[in-house]
Amino acid sequence: MPSTLTRPELTAADRCDRCGAAAKVRVLLPSGGELLFCGHHANEHDAKLRSVEADIQRGEE
(Lines give C-alpha, C1' and ligand atoms only; values in the text may rest on other atoms or scores of the structure.)
Protein backbone atom coordinates (compact mmCIF):
# COMPACT_ATOMS: atom_id res chain seq x y z
CA MET A 1 0.00 0.00 0.00
CA PRO A 2 1.53 3.35 -0.98
CA SER A 3 1.98 5.87 1.78
CA THR A 4 0.74 9.42 1.40
CA LEU A 5 2.26 12.52 2.91
CA THR A 6 -0.06 14.66 4.96
CA ARG A 7 0.48 18.23 5.96
CA PRO A 8 0.35 19.00 9.68
CA GLU A 9 -2.58 20.96 11.10
CA LEU A 10 -2.10 24.72 11.28
CA THR A 11 -0.84 25.91 14.66
CA ALA A 12 -0.55 29.27 16.39
CA ALA A 13 3.01 29.46 15.05
CA ASP A 14 1.79 29.45 11.41
CA ARG A 15 1.50 33.00 10.05
CA CYS A 16 -0.20 34.59 7.04
CA ASP A 17 2.21 35.13 4.14
CA ARG A 18 0.62 38.54 3.42
CA CYS A 19 0.31 40.22 6.82
CA GLY A 20 1.76 37.98 9.56
CA ALA A 21 -1.57 37.34 11.33
CA ALA A 22 -2.44 33.82 12.48
CA ALA A 23 -2.87 31.53 9.46
CA LYS A 24 -6.32 29.97 9.09
CA VAL A 25 -6.03 28.68 5.50
CA ARG A 26 -3.40 26.59 3.69
CA VAL A 27 -3.37 26.85 -0.10
CA LEU A 28 -1.63 24.19 -2.18
CA LEU A 29 -0.84 25.52 -5.64
CA PRO A 30 -0.88 23.31 -8.74
CA SER A 31 2.84 24.06 -9.17
CA GLY A 32 3.53 22.45 -5.79
CA GLY A 33 3.94 25.65 -3.80
CA GLU A 34 2.16 26.39 -0.55
CA LEU A 35 0.73 29.63 0.84
CA LEU A 36 -0.68 30.37 4.28
CA PHE A 37 -3.35 33.05 4.72
CA CYS A 38 -5.37 34.60 7.51
CA GLY A 39 -9.12 34.49 6.95
CA HIS A 40 -9.18 38.04 5.54
CA HIS A 41 -6.54 37.42 2.88
CA ALA A 42 -7.93 33.98 2.02
CA ASN A 43 -11.29 35.61 1.30
CA GLU A 44 -9.64 38.44 -0.64
CA HIS A 45 -7.80 36.02 -2.96
CA ASP A 46 -10.41 33.23 -3.07
CA ALA A 47 -11.64 33.82 -6.64
CA LYS A 48 -8.13 33.89 -8.11
CA LEU A 49 -7.04 30.81 -6.16
CA ARG A 50 -10.08 28.88 -7.38
CA SER A 51 -9.46 30.01 -10.97
CA VAL A 52 -6.01 28.37 -10.90
CA GLU A 53 -7.52 25.24 -9.27
CA ALA A 54 -5.59 25.61 -6.02
CA ASP A 55 -6.41 23.20 -3.18
CA ILE A 56 -7.79 25.45 -0.42
CA GLN A 57 -7.67 23.87 3.05
CA ARG A 58 -9.34 25.72 5.89
CA GLY A 59 -8.05 25.06 9.40
CA GLU A 60 -10.19 24.17 12.38
CA GLU A 61 -11.88 27.21 13.88
So I56 and R50, side-chain contact (heavy atoms from CB on, under 4.5 Å) or not? Walk me through it.
-> CA-CA 8 Å; I56 301 169; R50 290 184 188 283; 3.9 Å; yes
In chain order, what residues pass the ring-ring contact (aromatic ring centres under 6.0 Å, His included) check against H41, with sequence neighbours excluded?
->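 Not a single residue meets the ring-ring contact (aromatic ring centres under 6.0 Å, His included) criterion with H41.
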Linking Ile, Leu, Val, Met, Phe, Trp and Tyr through side-chain heavy atoms less than 4.5 Å apart, which residues share a cluster with V52?
-> none
Determine which pairs satisfy salt bridge (Lys or Arg N to Asp or Glu O under 4.0 Å) with at least one residue from residues 12-21, sequence neighbours left out, and list them in order.
-> none
Looking at residues at least two apart in the chain, or sitting in another chain, which of them share a side-chain hydrogen bond (donor to acceptor under 3.5 Å, both in side chains) with N43?
->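 With neighbours one apart ignored, the set is empty.
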For a quick test of your reading: what N or O donor-acceptor pairs under 3.5 Å do the side chains of residues 27-40 make, sequence neighbours left out?
from	atom 1	to	atom 2	distance (Å)
E34	OE1	R7	NE	2.9
E34	OE1	R26	NE	3.2
H40	NE2	E44	OE1	3.4

